[in-house]
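To find a chain, count down the sequence lines: A is the first, B the second, and so on, and within it residues start at 1.
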Amino acid sequence: EDQVTQSPEALRLQEGESSSLNCSYTVSGLRGLFWYRQDPGKGPEFLFTLYSAGEEKEKERLKATLTKKESFLHITAPKPEDSATYLCAVQIYGNNRLAFGKGNQVVVIP
Amino acid sequence: ETGVTQTPRHLVMGMTNKKSLKCEQHLGHNAMYWYKQSAKKPLELMFVYSLEERVENNSVPSRFSPECPNSSHLFLHLHTLQPEDSALYLCASSQAGSYEQYFGPGTRLTVT
């Protein structure tokens with residue numbers, strides 16, 4: 001069965017302390033991998049799409065990378081405003097849906 | 001209005017009530033989605049409409065009934081819900097064939 005697993009489930013960081021979030025997937029035929037940010041009480045906000053192993057995308061302090069088995073979201077020198085839940089989702093060839101992981105809850109302490 | 005809007009933002013209803021959730025997208029997209037988000041669970045896809053036709057119904061109980069009158073509007077009609085249906089209901093939109101989905105703020109539903 002296809003599966004998306006995110007780790008760690010929760011992460012507390014000091015401001016400026018860089019770290020990485022992991023999204024591992026076991027799917028047959030990956031068409032795309034997506035990262036979203038979700039703030040409490042709000043809908044997910046689209047961040048990145050990655051399509052092939054070796055691809056990288058950056059936005060401010062966030063950098064997403066993709067291998068054949070997993071994706072990482074690197075947070076460099078985080079600030080308190082980076083506190084959020086980060087969601088990973090995969091799209092599979094021949095399927096209309098995105099399969100989401102449970103998310104990585106990140107808290108950045110000033 | 002910009003992006004994807006949802007109304008109401010909060011809804012409390014009894015198990016015998018009938019209510020509707022509304023979603024509107026202002027992005028020129030032609031595919032719309034309903035998701036359910038419960039605590040500690042991944043987002044669950046409920047329905048997909050592409051070019052105003054329902055293309056996915058993910059084994060959702062019949063007490064949830066979607067309606068897509070045009071490519072900008074999506075409704076979720078609710079009746080005789082159960083307490084376990086309490087959750088955040090999210091609407092999203094995209095261009096058909098693209099999975100860069102843009103989400104609304106959600107409706108927090110509580111069934112008493």
Side-chain angles (χ1 to χ4, degrees), chain A residues 1-11 21-27 29-52 55 57 59 64 66 71 84-105, chain B residues 2-10 21 23-25 27 29-51 53-60 74 87-110:
Chain A
E1 182 177 322
D2 297 330
Q3 189 172 356
V4 180
T5 304
Q6 293 187 244
S7 62
E9 186 174 321
L11 185 64
L21 312 177
N22 177 265
C23 171
S24 63
Y25 57 92
T26 54
V27 299
L30 179 74
R31 186 169 181 181
L33 185 140
F34 302 80
W35 281 100
Y36 287 84
R37 169 193 169 125
Q38 187 172 23
D39 293 302
K42 295 188 177 181
E45 174 190 346
F46 172 75
L47 291 174
F48 304 111
T49 309
L50 301 166
Y51 292 105
S52 57
E55 190 174 358
K57 294 245 176 107
K59 180 179 180 179
L66 181 65
S71 176
T85 296
Y86 292 88
L87 302 175
C88 170
V90 298
Q91 187 208 348
I92 307 159
Y93 275 104
N95 198 312
N96 279 325
R97 66 183 66 184
L98 291 180
F100 281 84
K102 292 182 181 180
N104 307 99
Q105 185 179 34
Chain B
T2 59
V4 181
T5 58
Q6 290 186 243
T7 54
R9 293 294 311 278
H10 301 272
L21 309 184
C23 174
E24 185 172 0
Q25 61 93 3
L27 299 169
H29 291 160
N30 51 19
M32 298 187 78
Y33 311 78
W34 279 117
Y35 285 89
K36 176 183 179 182
Q37 188 174 37
S38 305
K40 304 294 184 185
K41 287 188 175 181
L43 266 73
E44 300 172 51
L45 179 65
M46 300 175 73
F47 302 103
V48 179
Y49 277 83
S50 180
L51 301 173
E53 285 191 31
R54 191 191 310 180
V55 297
E56 183 98 12
N57 178 346
N58 194 20
S59 302
V60 178
L74 185 66
L88 182 68
Y89 288 84
L90 291 161
C91 173
S93 70
S94 74
Q95 282 299 119
S98 167
Y99 285 84
E100 292 183 9
Q101 296 178 15
Y102 292 82
F103 286 81
T107 295
R108 173 66 63 186
L109 174 66
T110 303

Side chain, backbone, both or neither: which part of A:Glu9 has a non-hydrogen atom closer than 4.5 Å to chain B?
side chain

Hits for side-chain hydrogen bond (donor to acceptor under 3.5 Å, both in side chains) against B:Glu100, two or more places apart or cross-chain, chain-then-number order -> A:Thr49

B:Leu43 portion near chain A, given a 4.5 angstrom heavy-atom threshold:
both

Flag if over 12 foreign heavy atoms under 6.0 Å of CD, A:Gln105
no

With sequence neighbours left out, what residues match B:Ser94 under side-chain hydrogen bond (donor to acceptor under 3.5 Å, both in side chains)?
B:Tyr33

Please look at A:Gln6 and chain B and tell me whether the side chain, the backbone, both or neither of the residue comes under 4.5 angstrom of a heavy atom of that chain.
neither

Could you have a look at B:Arg108, B:Gln37, B:Arg9, B:Lys41 and say which one has the most heavy-atom pairs with chain A under 4.5 angstrom?
B:Gln37

NZ/A:Lys42: more than 12 non-hydrogen atoms of other groups inside 6.0 Å
no

Taking A:Pro44, A:Ala89, A:Gly43 one by one, which has the highest count of heavy-atom pairs under 4.5 Å against chain B?
A:Pro44

Can you tell me which portion of A:Tyr36 sits under 4.5 Å from chain B's heavy atoms? Options are side chain, backbone, both or neither.
side chain

How long is the gap from OG on A:Ser71 to CG on A:Leu33, to the nearest 0.5 Å?
4.5 Å

